[in-house]
2 protein chains.
Amino acid sequence: MSKKTKIAVPSVPFDEPAHRLFAAGADFRLADVDPTAKPGYLGDKKTGAVDLAGVGAALGDLQERFFAASRAGAPHKILLVLQGMDTSGKGGIVRHVVGTVDPQGVSHHAFKAPTAAEAKRDFLWRIARQLPKSGYIGVFDRSHYEDVLIHKVRELSPAEEIERRYGAINDFEQNLADKNTTIIKVMLHISKDEQRARLSERLEREDKHWKFNPGDIDERAYWDDYMGAYEAAIQRTDTAAAPWFVVPADRKWYARLAVATLLREALEAIDPQWPAADFDVDEQRRRLAAS
Amino acid sequence: MSKKTKIAVPSVPFDEPAHRLFAAGADFRLADVDPTAKPGYLGDKKTGAVDLAGVGAALGDLQERFFAASRAGAPHKILLVLQGMDTSGKGGIVRHVVGTVDPQGVSHHAFKAPTAAEAKRDFLWRIARQLPKSGYIGVFDRSHYEDVLIHKVRELSPAEEIERRYGAINDFEQNLADKNTTIIKVMLHISKDEQRARLSERLEREDKHWKFNPGDIDERAYWDDYMGAYEAAIQRTDTAAAPWFVVPADRKWYARLAVATLLREALEAIDPQWPAADFDVDEQRRRLAAS
């Protein structure tokens with residue numbers, strides 16, 4: 001027994017690599033993405049669960065190797081940025097996708113409205129404090145993008161400051177990429193009708209009341225503005241260093257499979273290797289036998 | 001559909017509650033715990049996996065409620081402290097037990113040898129910085145107990161300082177308990193022979209080399225001293241506020257089932273409740289329908 005057997009799961013459950021299938025790309029228009037669709041996938045919810053388990057097992061294996069490599073000095077980090085309207089399923093991605101890997105190698109942060117102390121600083125200050133270390137998968141549930149989304153829609157910052165921020169974000173992310181961070185920015189794209197159904201479920205179920213906030217209904221009046229702000233942000237910050245992926249998310253199972261596969265492809269591209277022994281195996285065998 | 005169906009798993013797969021079965025208790029003697037045994041459990045590895053899945057599902061449900069309650073102001077925290085000799089399975093507990101709950105509600109920290117900056121401070125300083133917030137399960141992979149274990153065995157601190165630390169730890173933990181932290185301290189107890197087998201596996205498998213450190217073999221020469229240091233630490237710091245549980249760990253599946261059950265019992269004792277709606281459900285239904 002020399003090496004762990006590699007898990008034999010086809011690399012992609014979709015008909016092309018997820019990082020191409022979901023790429024925002026040049027001339028991105030949000031209206032071209034149908035939140036109710038399941039592009040590139042022939043299966044259904046049932047096969048989706050099976051495929052997610054397969055991708056999850058592969059992810060677990062890759063993540064362990066990624067973490068191990070970092071202990072021997074590999075500098076890579078992964079940053080998964082999750083954005084989407086309320087109820088779009090960010091929490092479900094954390095639970096069902098990120099939850100398939102060892103908690104030891106994950107650093108998760110949910111960004112809420114800035115505190116008074118945070119609001120006094122540049123908007124990227126609190127972001128920079130939560131970046132993943134080498135070998136870690138960092139997960140941002142909301143992020144610095146709120147500062148060009150809700151800030152634009154609700155006019156919390158002047159238009160010229162929003163403009164400045166697009167550039168500041170690109171510089172910031174380029175710098176992270178230069179320092180070996182693979183950045184995966186995901187917009188979970190739901191329809192306004194699906195949001196109504198999900199908010200309704202939160203109202204009908206006592207175990208979901210804690211997730212409901214009357215303010216979420218207020219924001220629905222600005223739906224089109226939010227879509228415009230997402231489109232603008234994606235157009236302005238979709239870079240080679242930090243690409244955007246727009247995932248149809250009206251079907252939760254489909255969105256989870258998509259994000260799991262994006263994460264898997266990112267790890268496969270890094271191709272982490274088990275570190276070589278920095279000791280003489282035979283010598284240690286003898287020492288162990290004598291101990 | 002008003003409430004989520006409760007998962008019908010018997011509360012305890014053992015023949016008595018885990019917090020009694022594994023309690024160190026008065027007049028604790030480590031020699032009374034057989035690392036190869038599986039006290040209180042009639043099943044085997046196969047049923048153990050089934051039982052762990054059941055306890056894991058219950059844990060996931062309880063943890064979500066625990067997290068939800070904290071959002072509405074419930075002050076409780078859980079701190080799981082994992083201690084044990086090298087290869088005792090601390091990492092496996094994190095992966096297979098802590099990994100059953102939502103990563104969103106976990107804060108994990110692995111304590112290594114203190115940095116130069118940490119070593120200049122009191123030994124509890126770096127510990128206090130990693131404590132879980134309300135609604136979180138904090139997991140310490142090693143902890144402040146290293147400062148009375150390896151420090152005692154390898155004489156890294158004078159005997160009177162070790163003595164002082166027992167008291168300082170008890171005060172520190174009492175204070176945490178007074179502030180609504182449920183503390184679960186676990187010693188994963190393996191035999192010296194089992195450690196040899198596990199170190200040997202790390203030597204034979206390339207995908208385990210990164211976990212092997214020649215220094216681990218050096219420490220085996222001090223095995224009896226370590227057992228003495230564990231026994232002393234447990235005797236001196238097993239308090240009502242922060243009890244010790246000593247879990248036979250030569251069988252990994254058994255130790256995982258034990259710790260999962262300890263965690264489950266702690267959550268059941270807190271008995272977190274879904275927060276009541278702080279809004280008028282009918283009013284919000286109308287607003288949502290009109291949105």
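Heavy atoms only: backbone and side chains are in, while hydrogens, waters and symmetry mates are out.
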- At what distance, to the nearest 0.5 angstrom, does CD of A:Q195 lie from OG of B:S291?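 The CD atom of A:Q195 sits 7.5 Å away from the OG atom of B:S291.
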- Item | Reported CG-to-CD distance for the pair A:D207 and B:Q273, which is rounded to 0.5 angstrom |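 CD of B:Q273 is found 12.0 Å from CG of A:D207.
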Between [Y] and [X], is there a side-chain heavy-atom distance shorter than 4.5 Å?
X	Y	result
B:H209	A:V281	yes
B:R95	A:Q104	no
B:F279	A:L203	yes
A:L288	B:R220	yes
A:E64	B:W210	yes

- Item | Ion pair check, A:R287 and B:D218, cut-off under 4.0 Å |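 Result for this pair is yes, salt bridge flagged.
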- Message: Please determine whether side-chain contact (heavy atoms from CB on, under 4.5 Å) holds for the pair B:Q284 and A:L199, giving the CA-CA distance in whole Å, both sets of side-chain angles, and the decisive distance to 0.1 Å.
- Response: CA-CA 10 Å; B:Q284 298 303 326; A:L199 287 173; over 6 Å; no
- Task: Against chain A, label B:A68 side chain, backbone, both or neither, depending on which of its atoms sit under 4.5 Å from a heavy atom there.
- Result: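 For B:A68, the contact with chain A is made by backbone and side chain together.
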- So what's closer than 4.5 Å to chain B heavy atoms on A:A289: side chain, backbone, both or neither?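 The backbone, not the side chain.
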- Under 4.5 Å, counting heavy-atom pairs only, tell me which of B:A277, B:P214, B:G99 racks up the most with chain A.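 The option with the most such pairs is B:P214.
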- Query: Of all of B:K192, B:R285, B:R71, which one pairs up most often with chain A through heavy atoms under 4.5 Å apart?
  - Reply: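 Result: the option with the highest number of such pairs is B:R285.
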- Message: I'd like to know whether A:W274 forms a side-chain contact (heavy atoms from CB on, under 4.5 Å) with B:K208, so could you lay out the CA-CA distance, the side-chain angles of the two residues, the decisive distance to 0.1 Å, and finally the verdict.
- Response: CA-CA 8 Å; A:W274 296 115; B:K208 299 252 186 191; over 6 Å; no
